[in-house]
Amino acid sequence: EKERMNEIVDKIKKSLSSMELKVLNLYLKGYSYNEISKISNLSKKSIDNALSRIKNKLSFLKYEIK
C-alpha cells in the first residue's frame with residue numbers, strides 16, 4: 001500500500017507545476033481561496049484557474065486509485 005501511494009504521489013508531482021503543487025497543498029490543508037491568494041500572492045481567479053487545471057491534470061487518479 002505504501003509503495004503504491006508513493007507511486008501516485010510521484011505521478012502527481014510530475015503532472016503539476018510548482019505553483020499548482022503549492023496551491024493544491026494549501027487547498028488540501030483547508031485554506032480558503034482568499035487565504036491561498038494571500039499566501040501565494042496570486043489573485044483569487046488565478047487560484048480558481050489553478051485548481052481547475054489541477055482537477056483536469058489529475059483526472060487519471062480516478063483510475064489509479066481503484
Side-chain angles (χ1 to χ4, degrees):
E1 274 305 301
K2 188 170 185 166
E3 185 176 316
R4 183 76 176 126
M5 184 58 76
N6 287 337
E7 287 176 24
I8 292 171
V9 169
D10 286 342
K11 286 181 181 182
I12 291 170
K13 288 179 179 178
K14 289 177 184 175
S15 298
L16 302 180
S17 71
S18 59
M19 186 272 279
E20 291 166 342
L21 280 170
K22 183 177 182 177
V23 169
L24 177 60
N25 189 31
L26 292 170
Y27 183 76
L28 292 175
K29 287 181 178 179
Y31 287 93
S32 70
Y33 279 38
N34 284 334
E35 292 168 325
I36 297 170
S37 175
K38 288 177 184 175
I39 292 168
S40 60
N41 201 28
L42 297 167
S43 69
K44 285 189 283 183
K45 183 63 177 167
S46 293
I47 302 304
D48 186 51
N49 290 341
L51 288 169
S52 291
R53 285 192 309 276
I54 292 165
K55 181 180 176 185
N56 288 331
K57 287 181 177 183
L58 299 184
S59 63
F60 72 88
L61 287 176
K62 60 187 164 193
Y63 305 108
E64 295 280 331
I65 295 176
K66 289 183 179 180

Exercise for review: Would you give the length of the straight line joining atom CD1 of Ile39 to atom CG of Leu26, rounded to the nearest 0.5 angstrom?
Suggested key: 5.0 Å
Review point. Hey, what do you get for CG (Leu58) to CG (Leu24), rounding to the nearest 0.5 Å?
Key: 6.5 Å
Practice item. Working to the nearest 0.5 Å, report the span between CG of Leu16 and CG of Asn25. Key: 11.0 Å
Point to revise | Heavy atoms of other groups near Tyr33 OH, more than 12 under 6.0 Å | key: yes
Review point. Heavy-atom distance under 4.5 Å between the side chains of Met19 and Ser40, does that happen here?
Key: no
Practice item. Go through the steps to decide whether Ile36 and Leu42 satisfy the test side-chain contact (heavy atoms from CB on, under 4.5 Å), and finish with yes or no. Key: CA-CA 8 Å; Ile36 297 170; Leu42 297 167; over 6 Å; no
Review point. Judged by atom type as modelled, is there a donor-acceptor pair below 3.5 Å linking the side chain of Ser52 to the main-chain atoms of Asp48?
Key: yes
Point to revise | Lys38 and Glu35 ion-paired at < 4.0 Å | key: no
**Study point:** Heavy-atom pair with the smallest gap, counting every atom of Ser37 and Ser43
**Key:** OG-C, 3.7 Å
**Study point:** Straight-line distance of Ser46 OG to Asn41 CG, nearest 0.5 Å
**Key:** 10.0 Å
Review point. Above 12 or not: heavy atoms from other molecules or residues under 6.0 Å from CG of Asn56?
Key: yes
Review point. Between Lys55, Lys57, Lys14, which is the residue that forms a salt bridge (charged side-chain N to carboxylate O under 4.0 Å, His left out) with Glu20?
Key: Lys57
Check your understanding: Under 4.5 Å between any side-chain heavy atoms of Ile47 and Asn34, yes or no?
Key -> no
**Study point:** Residues Ser15, Phe60; criterion side-chain contact (heavy atoms from CB on, under 4.5 Å); working and verdict
**Key:** CA-CA 10 Å; Ser15 298; Phe60 72 88; 3.8 Å; yes
Check your understanding: Does one hydrophobic cluster hold both Leu51 and Leu28, with members joined at side-chain heavy-atom distances below 4.5 Å?
Key -> yes
